[in-house]
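The model shown is predicted, which means the values in this text are computed figures rather than measured ones.
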Amino acid sequence: MERLVSAAPARHAPRFLLLYGSLRERSFSRLLTEEAARLLEAMGGEVRIFNPTGLPLPDSVPADHPKVQELRELAQWAEGMVWCSPERHGAMTGIMKAQIDWIPLSIGAVRPTQGKTLAVMEVSGGSQSFNALNQLRVLGRWMRMLTIPNQSSVAKAFLEFDEAGRMKPSAYYERVVDVMEELFKFTLLTRDVAPYLVDRYSERRESAEALSKRVNQRSI
């Protein structure tokens, strides 16, 4: 394999949170996510994989549930994310959607996903499809994330991993390398300018109005 991209000098290694969408013992979305994690670590990134086992359905428990808090803290910690879902009935899985639904658009004054990079991947048991990928892109946009152009869709995933759970050499694997390299580069390129890139006039105006109300002497 050609040399992986090397981390540019920076304050710290780029931080990545990886989510997958299946609880099966031999989960191909998890195996693909683990391959992505190895690649990002080889490039110089710091990686955390969230295990969705035990995560309650959205709104079924208070937000201080330990698994919810773990997920939200990781979302704030990360500079970039990878979302990897199986395609089930032509869509992402409920497990994948539940994780994203538990990540709020804002926590107080902090937006845990805005301006952060995102790569999307999917696995399917049949022919190659992009339904889950398209849905994940919609969610990434809704969460105000910078979703990279490249993506990975692994067809007949049960044929693409060996008994040890490692991905076999293939064009699918090379695409995963491409996607992770692109995510790594986009994260380095945008890490210092993301607040500027996603700064909105409407939010600045709202903040100014709120400040005006607080300091307006006529309201005393």
Side-chain angles (χ1 to χ4, degrees), residues 1-53 55 70-71 73-87 92-93 95-96 99-100 113 116-125 128 132-133 136 140 145-191:
M1 180 187 295
E2 295 293 328
R3 180 177 61 86
L4 296 174
V5 63
S6 58
R11 302 182 306 277
H12 53 74
R15 302 184 299 264
F16 299 99
L17 169 62
L18 281 59
L19 307 180
Y20 60 91
S22 170
L23 301 181
R24 290 181 177 179
E25 182 176 353
R26 185 170 169 80
S27 163
F28 295 111
S29 64
R30 175 177 56 80
L31 295 180
L32 184 58
T33 296
E34 290 173 351
E35 289 292 344
R38 294 184 186 100
L39 290 166
L40 289 171
E41 288 176 341
M43 295 171 193
E46 188 176 352
V47 177
R48 299 286 184 273
I49 299 176
F50 178 74
N51 182 348
T53 301
L55 181 70
E70 177 189 355
L71 175 59
E73 289 171 5
L74 286 172
Q76 293 187 63
W77 167 84
E79 295 176 86
M81 294 191 192
V82 178
W83 295 349
C84 181
S85 178
E87 182 168 316
M92 77 179 78
T93 61
I95 295 165
M96 189 77 236
Q99 293 174 79
I100 299 169
T113 54
K116 297 183 179 183
T117 53
L118 172 66
V120 295
M121 305 193 297
E122 77 163 72
V123 296
S124 57
Q128 191 173 42
L133 288 174
L136 291 171
M145 303 183 77
L146 305 175
T147 308
I148 67 170
N150 213 341
Q151 60 188 20
S152 169
S153 175
V154 178
K156 297 183 179 179
F158 60 92
L159 297 177
E160 298 301 322
F161 295 85
D162 61 24
E163 290 301 315
R166 294 302 305 271
M167 199 170 184
K168 301 173 184 177
S170 68
Y172 288 133
Y173 178 74
E174 292 180 357
R175 172 58 68 89
V176 175
V177 177
D178 286 345
V179 174
M180 292 306 108
E181 184 179 56
E182 188 172 290
L183 174 66
F184 194 93
K185 290 177 178 178
F186 269 65
T187 304
L188 288 179
L189 287 170
T190 61
R191 68 188 319 187

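Distance check, rounded to the nearest 0.5 Å: CG of Leu31 to SG of Cys84 gives 9.5 Å. We find the CG-CG distance between Asn51 and Leu71 to be 11.5 Å, quoted to the nearest 0.5 Å. Leu74 contributes atom CG, which lies 14.5 Å from atom CZ of Phe16 (distance to the nearest 0.5 angstrom). Note that CG of Leu118 and CE of Met145 are 4.5 Å apart. Values are rounded to the nearest 0.5 Å. Between the CD atom of Gln99 and the OH atom of Tyr20 there is a distance of 8.0 Å, given to the nearest 0.5 Å. One distance of note links CH2 of Trp83 with OG1 of Thr147; it measures 7.0 Å at 0.5 Å rounding.
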Scan the side chains in residues 148-158 for donor-acceptor partners under 3.5 Å anywhere in the protein, sequence neighbours excluded, and list what turns up.
from, atom 1, to, atom 2, distance (Å)
Gln151, OE1, Arg137, NE, 2.8
Gln151, OE1, Arg137, NH2, 3.3
Ser153, OG, Ser129, O, 2.6

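Ala78 is linked by a side-chain contact (heavy atoms from CB on, under 4.5 Å) to Leu17, counting only residues two or more places apart in sequence or in another chain. Shown here are the ring-ring contact (aromatic ring centres under 6.0 Å, His included) partners of Phe50, two or more places apart in sequence or in another chain: there are none. Under the side-chain hydrogen bond (donor to acceptor under 3.5 Å, both in side chains) criterion, Glu70 pairs with Lys67, sequence neighbours left out. Partners of Glu174 under the salt bridge (charged side-chain N to carboxylate O under 4.0 Å, His left out) rule, at least two apart in sequence or in another chain, do not exist in this structure. Remark: Glu34 pairs with Arg30 by the salt bridge (charged side-chain N to carboxylate O under 4.0 Å, His left out) rule, at least two apart or across chains. Among residues two or more places apart in sequence or in another chain, the side-chain hydrogen bond (donor to acceptor under 3.5 Å, both in side chains) test is passed with Thr187 by Thr117. Partners of Leu23 under the side-chain contact (heavy atoms from CB on, under 4.5 Å) rule, at least two apart in sequence or in another chain, are Pro52, Thr53, Ile95. Remark: Arg48 engages Glu46 in a salt bridge (charged side-chain N to carboxylate O under 4.0 Å, His left out) (not counting sequence neighbours).
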Intermediate values then yes/no, side-chain contact (heavy atoms from CB on, under 4.5 Å), Arg26 and Phe161:
CA-CA 10 Å; Arg26 185 170 169 80; Phe161 295 85; 3.8 Å; yes
side-chain contact (heavy atoms from CB on, under 4.5 Å) evaluation trace for Leu136 with Ile100
CA-CA 10 Å; Leu136 291 171; Ile100 299 169; 4.0 Å; yes
Apply side-chain contact (heavy atoms from CB on, under 4.5 Å) to residues Phe186 and Leu146 and explain how you reach the verdict.
CA-CA 9 Å; Phe186 269 65; Leu146 305 175; 5.9 Å; no
Worked verdict on Val176 versus Leu32 for side-chain contact (heavy atoms from CB on, under 4.5 Å)
CA-CA 9 Å; Val176 175; Leu32 184 58; 3.7 Å; yes
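At a threshold of 4.5 Å between non-hydrogen side-chain atoms, the residues Arg15 and Lys116 do not count as touching.
In this structure, Glu122 contributes its side chain and Ser85 its backbone to no donor-acceptor pair below 3.5 Å. Judged by distance alone, the side chain of Thr93 and the main-chain N or O of Ser22 form no donor-acceptor pair under 3.5 Å.
Every pair passing salt bridge (Lys or Arg N to Asp or Glu O under 4.0 Å) that includes a residue from residues 160-169 is listed here, sequence neighbours excluded: Glu35-Arg166.
None of Lys185, Glu41, Met43, Arg175 except one satisfies the side chain to side chain contact (heavy atoms under 4.5 Å, CB included) rule with Met180; the exception is Met43.
When all heavy atoms are compared, the tightest approach of Gly44 to Phe184 is C-CE1, 4.0 Å.
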